[in-house]
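Scroll down for the structure; my scribbles are underneath it.
These numbers come from the heavy atoms of this one structure, side chains and all, not from hydrogens, waters or symmetry mates.
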Amino acid sequence: MPHGRRENLDWGAMSMEEILELAIADEVEARDYYRRAADLAGSVHTRKVLLSLSEMEQGHADTLRKELDELLLQRDLEAGMAD
């Protein structure tokens, strides 16, 4: 799955914004993976399970996007107070 390609990243040098953006991209990739698998599923039950997993991944992406939005808003508010 998506996380293997992240092994060479310098996590300590990354901002929280960058980490959240990568996490969102991973969730979207997983969502799309399950959707494609559902399209190829041989049974109705398997398709249903895969689509459910896809929806879960979308929920994760949505949650992470909210966190990112809050982080950016907080950063903007703090920058405005410093002016």
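Summarising the geometry, atom OG1 belonging to Thr63 is positioned 7.0 Å from atom NE2 belonging to His60; distances are rounded to the nearest 0.5 Å. The distance from atom CZ of Arg65 to atom CD of Glu21, rounded to the nearest 0.5 Å, is 10.5 Å.
Residues meeting the salt bridge (Lys or Arg N to Asp or Glu O under 4.0 Å) test with Asp69, sequence neighbours left out: none. Judged as a salt bridge (Lys or Arg N to Asp or Glu O under 4.0 Å), and not counting sequence neighbours, the contacts of Glu17 are Arg75. Legend: residues meeting side chain to side chain donor-acceptor pair (under 3.5 Å) with Glu18, ordered by chain and number and at least two apart, are Ser15.
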Pair Gln74-Glu70, side-chain hydrogen bond (donor to acceptor under 3.5 Å, both in side chains): steps then yes or no:
CA-CA 6 Å; Gln74 186 63 35; Glu70 289 177 22; over 6 Å; no
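Hydrophobic cluster membership for Leu68: Met16, Leu20, Ile24, Val28, Leu64, Leu71, Leu72 (Ile, Leu, Val, Met, Phe, Trp, Tyr linked by side-chain heavy atoms under 4.5 Å, directly or transitively).
Contact of the Leu22 side chain with the Met14 side chain is registered, since non-hydrogen atoms from C-beta on lie closer than 4.5 Å.
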Could you pull out all donor-acceptor pairs under 3.5 Å where a side-chain atom in residues 35-56 meets a protein atom, sequence neighbours excluded?
from, atom 1, to, atom 2, distance (Å)
Arg35, NE, Ser54, OG, 3.2
Asp39, OD1, Arg47, NH1, 3.4
Ser43, OG, Thr46, N, 3.0
Ser43, OG, Thr46, OG1, 2.8
Arg47, NH1, Ala38, O, 3.2
Ser54, OG, Arg31, O, 3.3

